[in-house]
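Given the structure is predicted, the values throughout are model-derived calculations rather than measurements. These values consider heavy atoms only, across backbone and side chains, with no hydrogens, waters or symmetry-generated copies. When a residue number appears, it is its place in the shown sequence, counting from 1.
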Amino acid sequence: MTRALPARLPPGGWRQSAPVAAVVAALSAGGACCRFVGGCVRDALLGEVPADIDIATPLEPKAVMARARAAGLKAVPTGIDHGTVTVIADHVPVEVTTLRRDVETDGRHATVAYTGDWREDAARRDFTINALYADPDGALFDPVGGLADLAAGRVRFIGDAKARLAEDYLRALRFFRFHARFAQCPADAAALGAIAAARAELTRLSAERVAAELLKTLALPRAAEAVGLMADCGVLAVLLPEAADGARLARLLPLSGDPLLRLAALLPGLPLVGAEVAGRLRLSNAQKARLSAALVAEALPDDAAGLRRLIALHGRQAAEDRALLAGDPVLAARIAALDVPDFPLKGGDLLALGLAPGPAVSALMKVLLDWWLAQDPPPLREACLLEARRRLGV
């Protein structure tokens, strides 16, 4: 199915907002040229509000900064080595990048030179649908056939797919994300072949870049399709060798859009696996803890007392996550609705009562928790401390 696209950027909206107009006016002073580029153009053509606004210009970074400051705008050299300056107008950031061509690339970083050639700038981008330009009046410039691909719902590398990947191997992961988001036809065979041939190079990417791209992909409605393509290309085995088949992920998709929980759905039910994957991807400590807690493979209780105990022991988030991973949204809703106060004692309270550090602390905490959960209503802190003293004989 082919999308019907407008012949130019629609009027109004972000493009003609006061902050963006101020940036355009500053860059255009004296007749200089600038064009919107990339995702903001693509998304506007699809009737979506872009997350970011990017502008390309032949002006070099020093000239961009000088013009912005002369217009009373803030200019921050956020990517000056690659020609990017963030211009801020009324708290709205606009990334302004000088037209570039690659001089040297190593699969992760590129050395660039500035150019005045718009086609050269387009040729170094990743996908045709990301190399669309529009002038401030909305007229489109499409040097690599991105409009036709966007209309057809086709994600295609610009030029030779192997060459584009060799410039930055993260583009392999971006391909799966963009296919899941925009494609309306089977995945491009040339792209899949090039990605499969280059899959070993993905180990050169930083864990942070891989994790960010993987989680962005898993957040999409068609995440299972993307993961399936990654498996077919051998990419999943390189990045996530622990991954099981996608059946649990497919079952989870309509229940939760949470990318971390979807990552858990790809892994076997072992907390140590969650911790290992989180460590390798350099996820945050909170993400690591959540991933590990979600992957405890034990039967879920279905009675209120058992659920309260589960929540008290492991937290509400872990309990809900396990219910959703088990494919039981009704149970997850029950867990969310249960009123379970926090257990009012911590290990430090027992140490303050004279108990020596060690296994005895966790053992007594478990006994006290069982006692606390058996009461209705659950006792308050002072009653819990009294029970702890009684059991310690103090």
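Salt bridge status for Asp121 with Arg35: absent, with no side-chain N to carboxylate O gap under 4.0 Å. For Arg174 and Asp168, the salt-bridge test fails: no basic side-chain N is under 4.0 Å from an acidic carboxylate O. Here Arg42 does not pair with Asp149 in a salt bridge; the nearest charged N to carboxylate O distance is not below 4.0 Å. A salt bridge links Glu387 and Arg391; the closest N-O separation between the charged side-chain nitrogens and carboxylate oxygens is under 4.0 Å. By the 4.0 Å N-to-carboxylate-O rule, Arg177 lies close enough to Glu213 to be salt-bridged with it.
Thr86 places no side-chain N or O within 3.5 Å of a backbone atom of Val94 that could act as its donor or acceptor partner. For Arg381 (side chain) and Leu345 (main-chain N/O), no donor-acceptor pair under 3.5 Å exists by modelled atom type. Under a 3.5 Å cut-off, the side chain of Tyr133 and the backbone N or O of Ala122 do form a donor-acceptor pair. Under a 3.5 Å cut-off, the side chain of Arg262 and the backbone N or O of Leu220 do form a donor-acceptor pair.
Smallest separation of non-hydrogen atoms from Pro221 and Leu253: O-CD1, 3.9 Å. Between Leu5 and Ala151, the shortest heavy-atom distance links the atoms CD1-N, 3.7 Å. Contact detail for Ala89 and Leu73: the closest heavy-atom pair is CB-CD2, 3.7 Å. Contact between Pro344 and Cys384 at its shortest, heavy atoms only, is CG-SG, 3.5 Å. The two residues Ala356 and Leu351 make their nearest non-hydrogen contact at C-CD2, 4.0 Å. When all heavy atoms of Ile129 and Phe178 are compared, the closest pair comes out as CD1-CD2, 4.2 Å.
Residues passing the side-chain contact (heavy atoms from CB on, under 4.5 Å) test with Asp258, sequence neighbours excluded: Ser256, Leu260, Leu261, Arg290.
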When you look at Asp137 and Arg8, which way does the side chain to side chain contact (heavy atoms under 4.5 Å, CB included) test go after all the steps? CA-CA 9 Å; Asp137 292 327; Arg8 57 191 301 117; 4.0 Å; yes
Assess the residue pair Arg280 and Leu240 against the criterion (side chain to side chain contact (heavy atoms under 4.5 Å, CB included)); give the C-alpha distance rounded to whole Å, side-chain angles, the decisive distance to 0.1 Å, and a yes or no. CA-CA 10 Å; Arg280 191 172 69 244; Leu240 207 63; 3.9 Å; yes
Working for side chain to side chain contact (heavy atoms under 4.5 Å, CB included), residues Asp188 and Val155: CA-CA 7 Å; Asp188 183 69; Val155 179; over 6 Å; no
What's the verdict on side chain to side chain contact (heavy atoms under 4.5 Å, CB included) for Leu45 and Leu140, showing C-alpha distance, side-chain angles and the deciding distance? CA-CA 10 Å; Leu45 290 170; Leu140 298 173; 4.0 Å; yes
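Taking CD1 of Ile55 as the start and CG of Asp135 as the end, the distance is 11.5 Å to the nearest 0.5 Å.
Between Phe127 and Phe157, the angle of the ring planes lies from 30° to 60°, which puts this pair in the tilted group.
Residues Ile311 and Leu338 have side chains in contact (heavy-atom distance under 4.5 Å, counting atoms from C-beta outward). Using a 4.5 Å cut-off on side-chain heavy atoms (C-beta onward), Val227 and Leu218 make contact. Contact of the Phe36 side chain with the Ile53 side chain is registered, since non-hydrogen atoms from C-beta on lie closer than 4.5 Å.
Few gaps surround CG on Asp303; more than 12 heavy atoms of other groups in view lie less than 6.0 Å from it. No more than 12 heavy atoms of other residues, nucleotides or ligands shown are found within 6.0 angstrom of CG on Asp52.
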